[in-house]
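Since the structure comes first, as structure tokens, the remarks are kept for the end.
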Amino acid sequence: MANLIQPKVLKGFRDFLPETEISRKDIQQTLEETFKSFGMVPIDTPVLEYTDVLLGKGSGETDKQIYRFNDHGKRDVAMRFDLTVPFARFMAAHINELYLPFKRYHISKVWRGENTQRGRYREFTQCDFDIVGVDTPEADFEILSIMHASLKALGVPDIHIHISHRGIFNAFLDHLGISDDLAEILRIVDKLAKIGEDKVLEMLTELADGDKASRILEYISAEGSFDDILGKLENLSGGPTPGSERIRIVRQMMIDCGIEELFVLNPSITRGLDYYTGIVYETFLDALPAIGSVCSGGRYNNLASIYSKTEMPGVGSSIGLDRLMAALDELGTSSSKKSLTDVLIMNMDRSLKGHYFSLATKLREAGLNAEVFLDNKKFKNQFSFAERKAIPFAVICGEDEFKENRVTLKDLNARQNFEMLTIEEAIEKIKEISG
RNA sequence: GUGGAUAUAGUUCAAUCGGUAGAGCACCAGAUUGUGGUUCUGGGUGUUGCGGGUUCAAGUCCCGUUAUCCACCCCA
């Protein structure tokens, strides 16, 4: 007994107690239902992959953050740091067994060895949804539409989805003749909201001459209505581009569906990951911009190209479940604790224990979740147990009820008794009260 | 990974100049009702994150370490 091992968990990794886990599962279920309602199908892939498979298309940053080690067979392996790269590998491996366009969702944990912060962990859950095999505005729009539907189904208040387009920005930089520094410029541009225009201009001036730097700033800080901004971007890039045409079509689809209010054209959104080639999205909560994007993605037309010669354009997005939950928690809008058990059968008279279990079976057969209290503690104790688990009903059956083959039902929230009911009547009553 | 702040009971907090840790709520045991919201009695439930050091004496001072929060970086 002398040397107990500390029951500690790793930095950035967490245990989930039932209360939290129940709402996590609820959220996941709501998302799954939403994804399925759009015709998406689930897949799964391994947690561990060959390192070269995962690093094939990443940037230097992912290299640093990835959990990587040698397995027992001396293979160089790594844990997936997102669900998109494994998905690209999956598509390349199974393209002949699938149909296009292929729409899948994938809700699972991923791992990144970066520093932790609120809403930012080393082990976290992503909810990805992607469409592969088509490069159309319809697909771009459908992803936006699913983002909107998902967050709406979850009851996330006051969001705006910021969209932008890598293609337009690339055309713009080409027009300026400075596309070589793309990666560096993207990084700086991405900070606009955080560090302000002056700082951004200062940093850009170190890369390009002053005139070009201020042109970039002009591009990324364009203001006005959606259409105004789009027009400005086109002017700055020397006229309409395929990208801007695409955005215009997607915009019209938003209007046709009456959801255009939620979308903001924000040219400073660029996304750090360099595999994006077209439209990109980020979602912010109006009340909590500091926590970052809770749902981001974009179009990546070459992602599978390192695994396969078959061209597989894709577009998709990812909801950060843990970050979203941290945000909802902070906003106080997370759902109140729910019970999974509908009825607790009180352990009142131990000689009737067999009867209690048969009552529980009857309740379950009627579609109710029921459990028998597993100890002969006092009522007080059994009631506190029910309260801790937020169980709404208790069934009490003592000698008197048993003789008449009846039970007493107690509505634990209202603290109201319904005495001497048959079990069938009790079931009816429970369903009536819980609606 | 770099820099800064923080860490005391289940929880929210307290503990003066260094003197072996207290309070509310919560919780546990018991009494009384066939049934918990009242009442009464009793209980502090703690390795002060962890490990060292200084000291007669450390929650308090020093060093290290781990975790959390914040900023950078990056991102969900």
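The chains referred to below are lettered A, B, ... by the order of the sequence lines, with proteins before strands, and numbering in each begins at 1.
Following rounding to the nearest Å, A:Leu186 (CG) and B:rC74 (P) show an atom-to-atom distance of 11 Å. Between the CD1 atom of A:Ile195 and the P atom of B:rC74 there is a distance of 10 Å, rounded to whole Å. Remark: P of B:rU35 and CZ of A:Phe383 are 8 Å apart, rounded to the nearest angstrom. We find that CD of A:Glu387 is positioned 10 Å from P of B:rG37, with the value rounded to whole Å. Separating the CG atom of A:Asp128 from the P atom of B:rA76 is a distance of 9 Å, rounded to the nearest angstrom. The interatomic distance linking A:Tyr121 (OH) with B:rA67 (C1') rounds to 14 Å, in whole Å. A:Ile269 has its CD1 atom 12 Å from the C1' atom of B:rC75, to the nearest Å. Atom CD1 of A:Ile188 and atom C1' of B:rC73 are 14 Å apart (whole Å).
Of the candidate nucleotides B:rG37, B:rA29, B:rC74, B:rA29 has the atom nearest to the side chain of A:Asn381.
At a cut-off of 3.5 angstrom, counting only N and O atoms as typed in the model, there is no donor on one side facing an acceptor on the other between the side-chain of A:Gln117 and the base of B:rA76. Not a single donor-acceptor contact under 3.5 angstrom links the side-chain atoms of A:Arg112 to the base of B:rC74. The base of B:rG30 lies outside donor-acceptor range of the side chain of A:Lys378, with no N or O pair under 3.5 Å.
Below 30°, between 30° and 60°, or above 60°: for A:Phe102 and A:Phe90 the angle between ring planes is below 30°, a parallel geometry.
Nucleic acid contact for A:Met348: base, since at least one base atom lies under 4.0 Å from a heavy atom of the residue. Among the atoms of the strands shown, none is found under 4.0 Å from any heavy atom of A:Ile319. Nucleic acid contact for A:Ser384: none, since no nucleic acid atom lies under 4.0 Å from a heavy atom of the residue.
Where A:Lys191 and A:Thr125 meet RNA chain B, the nucleotide closest to each residue was compared, and A:Lys191 sits on the side nearer the 5' end. In this structure, A:Asn115 and A:Arg118 both approach RNA chain B, and ranking their closest nucleotides by distance from the 5' end singles out A:Asn115.
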For the pair A:Tyr67 and A:Arg122, evaluate side-chain contact (heavy atoms from CB on, under 4.5 Å) and give the outcome as yes or no after the intermediate values. CA-CA 10 Å; A:Tyr67 279 94; A:Arg122 289 187 168 175; 3.4 Å; yes
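For A:Tyr281 and A:His162, the ring centers are positioned 6.0 Å apart or more. Ring pair A:Phe169/A:Tyr219: centre-to-centre distance below 6.0 Å. Taking the six-membered ring for Trp and the full ring otherwise, A:Tyr121 and A:Phe13 have centroids separated by 6.0 Å or more.
In this model, the phosphate group of B:rU68 is approached by a side-chain N or O of A:Thr116 to a distance below 4.0 Å at OP1 or OP2. Phosphate contact (OP1/OP2 of B:rU68, side-chain N/O of A:Lys11, threshold under 4.0 Å): present. Contact between the side-chain N/O atoms of A:Lys380 and the OP1/OP2 oxygens of B:rU32 is not found at any separation under 4.0 Å. OP1 or OP2 of B:rG1 has at least one side-chain nitrogen or oxygen of A:Arg122 nearer than 4.0 Å.
In summary, A:Glu49 and A:Arg89 engage in a salt bridge, as defined by a charged side-chain N under 4.0 Å from a carboxylate O.
Judged by Watson-Crick or G-U wobble contacts below 3.5 Å, the nucleotide B:rG30 has B:rC40 as its partner.
A:Phe379 does not qualify as a stacking partner of the B:rG36 base, lacking a centre-to-centre distance under 5.5 Å together with planes within 30°.
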